[in-house]
Amino acid sequence: MISDLDTLRRAIEQNQIVPCFQPLTALRSGKITGFELLSRWLHPDWGLVLPENFIPLAEQNGLIWELTQQVMSKAFAAASLLASPLLLSVNISPLQLRDATLVNGIRDLAEAGDFPLDRLMIEITESAMVTDLSRALVVANELRAMGCKLALDDFGTGYSSLAQLQVLPFNELKIDRVFINAMMKTRESRKIVASIIGLGHSLGLVTVAEGVETEAQADMLIWLGCEQAQGWLYGKAVPIDEITGFVVAAPRPISPGMASPGEGW
Ligand code: C2E
Ligand code: MG
Ligand code: MG
Ligand code: MG
């Protein structure tokens, strides 16, 4: 992690934090359904810096809203060029749930960038839930009332309870990539992924697999009934000008999935 706060402060001032976009794909049809905004720091000397190296620093030092504001306003303006009904997903930090200006702030930024709120998906990481469920509930309801959709990010790693899942108004459940990664290696992992998909469906949620890197994983996920996928198989996070190519590119041919994954899947 970068530890120099002044450097990060300067980076924000100098507009060095930029949005990149990773496609989300409908598993069966191969069609892109939207993009997730993933922040990148383009440092003049260090090159591309990934979020794990600067988001925690921004969170710990009260810079997260400034950073979010910068990257979201660029992302909304850019994403307003995406054809409807493509969605834009954005991550918010658990800490931001405590910020009373968050919801109006997001609305103002989306309006300024001419991006419709009903095509905006807000991703809240599962670990945010445990710390303050009542606050999460207030923010989640406000976001939904404003027209946004909600995704529970990194599911399976954050110890949320089923009781919490039951009360929060999510549209989408994103299965953490640790499970997708392990899925082709052990039968137990496949069973866990199957259970998460079943749980999501029981609650009326669209399920999204994170970190899909191989055709074999995609085929298994189709067989398990998962709707959407995100991962390097479909594309990494790229700057906006590389997206248009993505959207017009031929989708992956319709896949029937596998007839059966065989005994003891
Ligand atoms: P996330 O929300 O779970 O985003 C997905 C992460 O998985 C991204 O990492 C993405 O690049 C990575 N990924 C996607 N497909 C694959 C794959 O097939 N294989 C592998 N190994 N990785 C894949 P990234 O961009 O490094 O972001 C890490 C985390 O940082 C994100 O996890 C998100 O929680 C957070 N983050 C990113 N941008 C922002 C931001 O603007 N604001 C906030 N608050 N958090 C952000
Ligand atoms: Mg996410
Ligand atoms: Mg996230
Ligand atoms: Mg995630």
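Atoms within each ligand, like the ligands themselves, are counted from 1 in listed order. All of these numbers come straight from a predicted model, not from anything done at the bench.
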Does atom 32 (O) of ligand 1 have a protein heavy-atom neighbour under 4.0 Å away?
->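 It does not; no protein heavy atom is within 4.0 Å.
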May I ask you to check whether Asn91 and Glu36 show a side-chain donor-acceptor distance below 3.5 Å?
-> yes
Verify the distance criterion only: is there a donor paired with an acceptor across the side chains of Thr33 and Gln228 at less than 3.5 Å?
-> yes
Under 4.0 Å, counting heavy atoms only: does [X] come that close to any atom of ligand 1?
| X | value |
| --- | --- |
| Gln22 | yes |
| Glu36 | yes |
| Thr125 | no |
| Gly211 | yes |
| Thr68 | no |

State whether the shortest distance between N or O atoms of Glu210 and N or O atoms of ligand 1 falls below 3.5 angstrom.
-> yes
Numbering as shown, the atoms of ligand 1 that approach [X] to under 4.0 Å (heavy-atom distance):
| X | answer |
| --- | --- |
| Val212 | 18 (O) |
| Ile92 | 44 (N) |
| Ile55 | 39 (C), 40 (C), 42 (N), 43 (C), 45 (N), 46 (C) |

Answer yes when Glu123 and Lys174 have at least one side-chain N-carboxylate O distance shorter than 4.0 Å, and no when they do not.
-> yes
If hydrophobic clusters are built by linking Ile, Leu, Val, Met, Phe, Trp and Tyr wherever their side-chain heavy atoms come under 4.5 Å apart, do [X] and [Y] end up in the same one?
| X | Y | value |
| --- | --- | --- |
| Leu37 | Leu50 | no |
| Leu95 | Leu63 | no |
| Val90 | Trp65 | yes |

In terms of heavy-atom contacts, does CZ of Arg98 have more than 12 from other residues, nucleotides or ligands at under 6.0 Å?
->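 Atom CZ in Arg98 is not crowded, with 12 or fewer foreign heavy atoms closer than 6.0 Å.
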Counting distance only, does the side-chain N/O of Asp4 pair as donor-acceptor with the main-chain N or O of Asp6 below 3.5 Å?
-> yes
Which residue owns the protein heavy atom closest to [atom], what's the atom, and how far is it?
| atom | value |
| --- | --- |
| atom 1 (P) of ligand 1 | Asp153 OD2, 3.8 Å |
| atom 19 (N) of ligand 1 | Glu213 OE2, 2.6 Å |
| atom 35 (C) of ligand 1 | Pro51 CB, 4.3 Å |
| atom 44 (N) of ligand 1 | Ser93 OG, 2.9 Å |
| atom 45 (N) of ligand 1 | Asn91 CB, 3.7 Å |
| atom 23 (C) of ligand 1 | Trp232 NE1, 3.5 Å |
| atom 3 (O) of ligand 1 | Asp154 OD1, 3.0 Å |
| atom 40 (C) of ligand 1 | Ser39 OG, 3.5 Å |

Heavy-atom closest pair, residues [X] and [Y]:
| X | Y | value |
| --- | --- | --- |
| Asp114 | Pro116 | O-CD, 3.8 Å |
| Glu210 | Asp176 | OE1-CA, 3.5 Å |
| Asp118 | Leu87 | O-CD2, 4.2 Å |
| Ile175 | Ile197 | CD1-CG1, 3.7 Å |
| Pro169 | Leu150 | O-CD1, 3.8 Å |

Shortest reach to atom 11 (O) of ligand 1 by a heavy atom, considering only Gln96, Arg177, Glu59, Arg40 =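 It is Arg40 that holds the nearest heavy atom.
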Given Leu38, Ile17, Asn53, Asp176, which one has a non-hydrogen atom that is nearest to atom 8 (C) of ligand 1?
-> Leu38
Under the side-chain hydrogen bond (donor to acceptor under 3.5 Å, both in side chains) rule, what do Arg144 and Asn141 come out as? Steps first, then yes or no, please.
-> CA-CA 5 Å; Arg144 287 298 305 273; Asn141 284 329; over 6 Å; no
Heteroatoms of the protein, restricted to N/O/S, which lie under 2.8 Å from the Mg ion (ligand 4) = Asp153 OD1, Asp154 OD1, Glu210 OE1, Glu210 OE2
Got Ile122 and Ile92 here, is their nearest side-chain heavy-atom distance under 4.5 Å?
-> yes
When the ring planes of Phe21 and Phe35 are compared, do they come out parallel, tilted or perpendicular, using 30° and 60° as the limits?
-> perpendicular
